[in-house]
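Below, all heavy atoms of this structure are taken into account, side chains as well, without hydrogens, waters or symmetry copies.
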Amino acid sequence: MTFAVATSSCLANAHAEKRPRFHVYRFAEDRVLWDVRSSQAAFLASEPAFELLSSIESGVPLADCVVALSHKYGNHAIQSALSELETLEAKAGFFTLEGTDEVGTGERFVSALDSHHPRTLMLLIERSCNLACTYCYEVSNDWHRQGERMSQEQARMAVDDLVERSGNRKQISITFFGGEPMLNWKVLVATTEYAREAALQAGKTCAFTVTTNGTIMTEDMARFLVVNQFGVMLSIDGDKESHDRYRRTVSGGGSHDSVVANASRLLRMQRQAGVKPLNLRATLTRENSDAKLVETYLRETFPGARVTVGGTWGVAFADKAEADITAEQTAESASDQDRHVIDLHRKAVRDGGWEDFSKWPLAFRGIFDEVQSSALPSESVPKICGVGRNVRATTPDGKIYPCHRYVGMEAFELGGDESSAEDIRSATNRYYEKVYTSFAKHCHSCWARFRCGGPCAWTLSDNDGEVVGPTDEYCTSIRGGHERAIWLYLALARDTPEFFGELIGQPAGSVGELCASDPELE
């Protein structure tokens, strides 16, 4: 028996495409279709259409899909499914295939980064720390114990280099890092004053940031930070028990109480001066993995402070450390997030919105903008941060690394005091080439390649100088987050159009047609 395949040429050739332009998945009770390239999405009306696309996405030739599914659903149902997909393609431009050979993409990626004029310098002015946090990468690589601190002269040289390399940028910034940077307070103060004057003479302005554990911050130090409008990133992992489990002093004592006292004082001073409040950074661990609980504690303890929650997920090239969150906890967290997103949707349907939805759009704003945007990326490349250009890390002994996390990994040194600008540039480009090669090998065919771009490059970088591929655990987590956000976008547009329009700041009708299934196929 033969079956007619009455569908578009792109679907007919789908079996030859090694990198599907679409992704289908189930969420809640819906079947969701996401077009990778156009950033458009829709609900699928029928189960046969969903299974058809699922098979194509997994690499099964279309003709084989039709035969197998026709035995399951009948020839008429499959032909109707093909018609449904034809309708969606005509409406939204789904399924347009692309070649997997992106000739020159890697060269363009490196060239674009190479021509970038940096705006930020990270100065590791102090190598030692008064804490010995168990999960800290600087503790594990023994960098803390070196005891070196940056001289005023070394800091000035780094500032001069930033001013020169920043080109025509009118605003530059400096981040003070360690170890604990406040242990080298005199150099921090002197460098702040020098950098402001150097920037002024070059027709620029300079902003400042410090990352600190907050334990030795005196009132005078806090006042200096406020007067100079420092952005402050302060580490605290939650309540006393959670924080003191890993963030202990070198002598073994807890640090929670001093952090709370000093952070509270700084926050009060910032509030009185009308400057941006400090950012509290919490690190989730195996024993402290409830992000919502940690965030609630910090927001209640420090009203008005910004809160950032991250986790010790481990690195791709080694087994998990004692503090790292387990795969089981990651999966449990994903299930919690699934339930939370579904609850948000149910509440919006029931009440016409959320009680405090002003906070929640931020969690989905990126994906909302992507679904609405007509500006599509031309190529899929690693979405790395400012590593190697904006956050190039300079150590007290003059060595240069792509960022602070690489410090101590000799295979990733970009140069030092004796290196020429060209040598550092060449080493940086070789680093970028490794990052791109890893992405091209491991992420090139993933449906989320335009939305993710891979994890932090440091987590993929081993001590031999290689950049390996991401873990399945990481990729599953990232893809799951995108699937949740895409579904919530579509579900709100379909079920609460008025609230949805308020949420995205434009009439819901502009996306409504993508959410509707062909009634003849239901």
Determine whether Q171 and R119 make a side-chain contact, defined as any pair of heavy atoms from C-beta on separated by less than 4.5 Å.
no

Can you confirm whether the side chains of T308 and N279 place a donor and an acceptor under 3.5 Å from each other?
yes

(Q) One thing to verify: whether R127 and D397 come together as a salt bridge, which I'm taking to mean a side-chain N less than 4.0 angstrom from a carboxylate O. (A) yes

- request: With the side chain counted from C-beta on, respond yes when L460 and V315 share a heavy-atom pair under 4.5 Å apart, and no when they do not.
  value: no

Pair D237-Y135, side-chain donor/acceptor within less than 3.5 Å: yes

Legend entry - Aromatic contact, W458 with F412 (centres under 6.0 Å): no

- Establish, from distance only, whether the side-chain atoms of N288 and D239 form a donor-acceptor pair under 3.5 Å. no

Donor-acceptor pair between R479 and S477 side chains, under 3.5 angstrom
no

Shortest non-hydrogen pair, A316 vs V468, comes out as CB-CG2, 3.9 Å

* Asked: Can you tell if the side chain of S461 reaches within under 4.5 Å of the side chain of E466, non-hydrogen atoms only?
  -> no

- Item | Heavy atoms from other residues, nucleotides or ligands near CG of D319 exceed 12 (cutoff 6.0 Å) | no

Please assess T134 against E322 for the test side chain to side chain donor-acceptor pair (under 3.5 Å), listing each intermediate value before the final yes or no.
CA-CA 9 Å; T134 309; E322 177 185 352; over 6 Å; no

Exercise. Taking the six-membered ring for Trp and the single ring otherwise, decide whether the centroids of H23 and Y25 are under 6.0 Å apart.
Key: yes

Heavy atoms of A41 and I486 approach each other most closely as CB-CG2, 3.9 Å

Before you tell me yes or no, could you show the steps for R389 and D114 under salt bridge (charged side-chain N to carboxylate O under 4.0 Å, His left out), namely the whole-Å CA-CA distance, both residues' side-chain angles and the distance that decides it to 0.1 Å? CA-CA 8 Å; R389 56 198 198 283; D114 182 50; over 6 Å; no

*Step through it carefully: locate the ring centre of W34, locate the ring centre of H482, and say whether they are under 6.0 Å apart.*
no

- Item | Side chain to side chain, M182 and L225, heavy atoms closer than 4.5 Å | yes

(message) Hydrogens and angles aside, do T191 and Q152 bring a side-chain donor and acceptor to less than 3.5 Å of each other?
(response) no

Can you list the steps and then say if S380 with H444 is a side chain to side chain donor-acceptor pair (under 3.5 Å)? CA-CA 7 Å; S380 59; H444 194 247; 4.9 Å; no

Open item on the list: With a 4.5 Å cut-off on side-chain heavy atoms, are I216 and W185 touching?
Closed with: no

Rounding to 0.5 Å, atoms NE2 (H345) and CG (L492) come to a distance of 6.0 Å

Here the pair of heavy atoms bringing T205 nearest to A199 is C-CB, 4.1 Å

Exercise. How about Q337 and S333: does a side-chain donor come under 3.5 Å of a side-chain acceptor?
Worked result: yes

Indicate whether the side chain of T326 and that of K320 have a donor and an acceptor atom separated by less than 3.5 Å. no

Q) Under 3.5 Å, is there a donor-acceptor pair linking the side chains of E126 and S128? A) yes

Value for CG (L414) from NZ (K399), rounded to nearest 0.5 Å, stands at 12.5 Å

Heavy atoms of V163 and A202 approach each other most closely as CG1-CB, 3.7 Å

Side chain T496, main chain F499, donor-acceptor under 3.5 Å
no

Discussion item. More than 12 heavy atoms of other residues, nucleotides or ligands under 6.0 Å from CD of E287: yes or no?
Written reply: yes

Taking every heavy atom of P277 against every heavy atom of A305, the minimum-distance pair comes out as CB-CA, 4.3 Å

Nearest heavy-atom contact between I424 and S419 is CG1-CB, 3.9 Å

Between the CD atom in E193 and the CG atom in L188, the distance rounded to the nearest 0.5 Å is 10.0 Å

### Task
Would you please say whether a donor-acceptor pair under 3.5 Å links the side chains of T120 and S173?
yes

- Determine, for D324 against R286, whether the closest basic-nitrogen to carboxylate-oxygen distance falls under 4.0 angstrom. no

Cut-off 3.5 Å, side chains only: do D290 and Y297 have a donor facing an acceptor? no

Legend entry - E241 and R245 ion-paired at < 4.0 Å: yes

Distance col, row L124:CG vs E148:CD, nearest 0.5 angstrom, shows 11.5 Å

Q: Using the six-membered ring wherever Trp is involved, compare the ring planes of F176 and F230 and label them parallel, tilted or perpendicular (cut-offs 30° and 60°).
A: parallel

- Would you indicate whether the side-chain heavy atoms of M217 and L234 approach each other to under 4.5 Å? yes

Would you call R165 and D161 a salt bridge, taking side-chain N to carboxylate O under 4.0 Å as the test? yes

Hey, are the side chains of I384 and F109 touching, using non-hydrogen atoms and a 4.5 Å cut-off? yes

Quick one: are the ring centres of F500 and Y489 less than 6.0 Å apart? yes

Tested for side chain to side chain contact (heavy atoms under 4.5 Å, CB included) against V226, the lone hit among M221, Q270, Q272, R271 is Q270

With a 4.5 Å heavy-atom cut-off, do I342 and F27 have their side chains touching? yes

### Query
N213 and T215: side-chain donor and acceptor closer than 3.5 Å?
yes

### Task
Walk me through it: do M233 and V210 pass the test side-chain contact (heavy atoms from CB on, under 4.5 Å)?
CA-CA 6 Å; M233 175 75 79; V210 63; over 6 Å; no

Distance col, row N463:CG vs M409:CE, nearest 0.5 angstrom, shows 4.5 Å

CZ (F177) and SG (C403) are apart, to the nearest 0.5 Å, by 8.5 Å

Exercise for review: May I ask you to check whether Y431 and Y401 place their ring centers less than 6.0 Å from one another?
Suggested key: no

Applying side-chain contact (heavy atoms from CB on, under 4.5 Å), run through K383 and C452 and close with a yes or a no. CA-CA 7 Å; K383 287 182 172 59; C452 169; over 6 Å; no

Q) Would you find a donor on one side and an acceptor on the other, under 3.5 Å apart, between the side chain of S166 and the backbone of R169? A) no

